[in-house]
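To keep things clear, I will list the structure first and then write my remarks on it.
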2 protein chains.
Amino acid sequence: MNETTREDAVLVLLDVAARIERRLDNALSMTRGISFSEYRLLKALAGAGTRGVMRVDLAEAVGLTASAVTRALRPLEKIGVVATEKHERDARCSLATLTPAGAELLSDAERVVADGLDAIPMKGLSLERLVALQAELAKPRQAPARRGMIRAHRDPTSGQEGAS
Amino acid sequence: MNETTREDAVLVLLDVAARIERRLDNALSMTRGISFSEYRLLKALAGAGTRGVMRVDLAEAVGLTASAVTRALRPLEKIGVVATEKHERDARCSLATLTPAGAELLSDAERVVADGLDAIPMKGLSLERLVALQAELAKPRQAPARRGMIRAHRDPTSGQEGAS
DNA sequence: TATGAATACTTGAGCAGTCAAGTACTTTTA
DNA sequence: TAAAAGTACTTGACTGCTCAAGTATTCATA
């Protein structure tokens, strides 16, 4: 029966998350014409400052695949809120940055999100626990990288390091 | 800055939920060939006992639209884990029930989910808070039903009442 | 230094959901 | 009791994601 309680908790957690996400998504798309995913992308870009961010890191930051980021970024570039430039030393990478227009859109969107969140009483739900849970879940699933199979040539001078 | 902290908490919550859902979905589809949505549908059907459940109530229970339930139920019927019969007094409704094969699949799937959850330390995250949050979020968004616009002819004898 | 492996990104195909509109039926009300 | 309104479900068109495969590039190594 305790088993059931824990599963119920998880089911409720998932349900709550879905509702919050849908609510924020609606608010954003109605008032600013962007989706919640796009909002998260803009936020991740802003978090990287003036450095450009690679697609893969963006994907990691917002919980999408690189493929999804490629597709999501295109319209954002088209409307001029995101710009892409080449990495000067690694031609494979294209680094995305927030334009001034993008920064403005983001700050508008942040207000929308804050308003949306006002209706949601999160107090009592500890951020620490959630972060711990997140870290736990972000661990590699299996095959814990037996040899030195670490990301090879990440360049400290330009790839983002703290877009979370 | 407190504003930011709360938004961060929500963002982390959504992230955690997405990771858990993906993990369970993978586990279920690899071992039992069903998605997490399908699992939730089966569970909702089981919760209704022998009574059939209407599409709309199923949708409400699992957080999908009636449209999505219609589409999701079709393959489940095809493989024989769900059966549909007509409501005897309201020809609009089709009532879904779990077949014995469906009940068996569900109990297998429940084991898979329980195993998947074992890796997730949920302790410290109170179910009560989550449920309160869920209730809050489930409230009608706006236009609180000004006249007596309540669900009309819900039949106590067959429509489900506790499939949650 | 040539070759194989890893990495960054893009693209094609497919899937699972949404919304809007349509059908069939039931209830309300004038 | 006929018309209007509401409800249950389905369908068509679309979106936003995924995975798998392909291209271009860089790193590692024999």
Side-chain angles (χ1 to χ4, degrees), chain A residues 18-19 21-23 25-26 28-30 33-41 52-60 62-77 84-96 145 147-155 158-160, chain B residues 18 21-23 25-26 28-30 33-41 52-60 62-77 84-96 145-155 158-160:
Chain A
R19 285 181 198 273
E21 185 158 352
R22 188 167 317 190
R23 182 172 293 201
D25 196 86
N26 283 343
L28 282 170
S29 62
M30 288 197 304
I34 60 173
S35 68
F36 186 64
S37 283
E38 289 170 324
Y39 170 72
R40 297 197 71 170
L41 284 171
V53 187
M54 289 191 304
R55 264 67 170 157
V56 279
D57 292 327
L58 229 29
E60 167 71 24
V62 304
L64 293 178
T65 60
S67 172
V69 171
T70 291
R71 297 188 214 269
L73 245 35
R74 199 137 36 211
L76 293 178
E77 290 186 65
T84 290
E85 52 198 305
K86 293 231 182 308
H87 185 129
E88 44 186 29
R89 285 196 298 215
D90 189 339
R92 291 169 304 178
C93 309
S94 54
L95 302 171
R147 259 197 319 157
M149 187 235 142
I150 325 113
R151 324 208 72 183
H153 59 290
R154 184 118 315 180
D155 184 342
S158 42
Q160 55 85 244
Chain B
E21 187 157 352
R22 188 168 316 193
R23 182 172 292 200
D25 195 87
N26 284 343
L28 282 170
S29 62
M30 288 197 304
I34 59 172
S35 68
F36 186 64
S37 282
E38 288 170 325
Y39 170 72
R40 297 197 71 171
L41 284 171
V53 186
M54 290 190 304
R55 265 66 171 156
V56 279
D57 292 327
L58 229 28
E60 167 71 22
V62 303
L64 293 178
T65 59
S67 171
V69 170
T70 291
R71 297 189 212 270
L73 244 35
R74 198 137 36 211
L76 293 177
E77 288 186 67
T84 290
E85 53 198 304
K86 294 228 183 314
H87 185 127
E88 44 185 30
R89 286 196 297 213
D90 189 336
R92 291 169 305 178
C93 309
S94 54
L95 301 171
R146 29 189 177 176
R147 258 196 319 155
M149 188 234 139
I150 325 113
R151 323 209 72 183
H153 60 290
R154 183 116 316 179
D155 185 341
S158 42
Q160 55 86 245

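Letters A, B, ... mirror the listed sequences (proteins, then strands); counts begin at 1.
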Throw together a table of side-chain donor-acceptor distances under 3.5 angstrom for residues 62-73 of chain B, partners on residues two or more places apart or in other chains.
from: Thr65(B); atom 1: OG1; to: Ala68(B); atom 2: N; distance (Å): 3.2
from: Thr70(B); atom 1: OG1; to: Ala66(B); atom 2: O; distance (Å): 3.2

Using atom [atom1] of [X] as one end and atom [atom2] of [N] as the other, report the distance to the nearest whole Å.
X	N	atom1	atom2	result
Glu88(B)	dT26(C)	CD	C1'	16 Å
Leu73(A)	dC9(C)	CG	P	10 Å
Leu95(A)	dC9(C)	CG	P	7 Å
Arg89(A)	dT7(C)	CZ	C1'	16 Å
Met54(A)	dT7(C)	CE	C1'	9 Å
Asp57(A)	dT7(C)	CG	C1'	12 Å
His87(B)	dT26(C)	NE2	C1'	11 Å
Arg74(B)	dG12(D)	CZ	P	10 Å

On DNA chain D, nearest-nucleotide positions of Ser35(A) versus Ala66(B): which is more 5'? Ala66(B)
I'd like to check the salt bridge (charged side-chain N to carboxylate O under 4.0 Å, His left out) partners of Glu77(A); sequence neighbours left out, ordered by chain and number. Arg55(A)
Under 4.0 angstrom between Thr70(A) side-chain N/O and dT10(C) OP1 or OP2: yes
Provide the closest heavy-atom pair for [X] versus [Y] in the form atom of the first, atom of the second, distance.
X	Y	value
Thr84(B)	Ser94(B)	CG2-CB, 3.5 Å
Leu28(B)	Tyr39(B)	CD1-CB, 3.6 Å
Ala96(B)	Leu58(B)	CB-CD2, 4.2 Å

Ignoring hydrogens and geometry beyond distance, is the side chain of Arg92(B) in donor-acceptor contact with the base of dT26(C) at under 3.5 Å? no
Atom OG in Ser35(B), atom CD in Glu21(B): separation rounded to 0.5 Å? 9.5 Å
Nearest 0.5 Å please: distance from the CE atom of Met54(B) over to the CZ atom of Arg92(B). 8.5 Å
Protein-nucleotides 19-21 of chain C N/O pairs under 3.5 Å:
from: dC19(C); atom 1: N4; to: Ser67(B); atom 2: OG; distance (Å): 3.0

When Ala68(B) and Ser94(A) are each assigned the nearest nucleotide of DNA chain C, the 5'-most assignment goes to Ser94(A)
Closest-nucleotide ordering on DNA chain C, the 5'-leading residue of Ser37(B) and Ala91(B): Ser37(B)
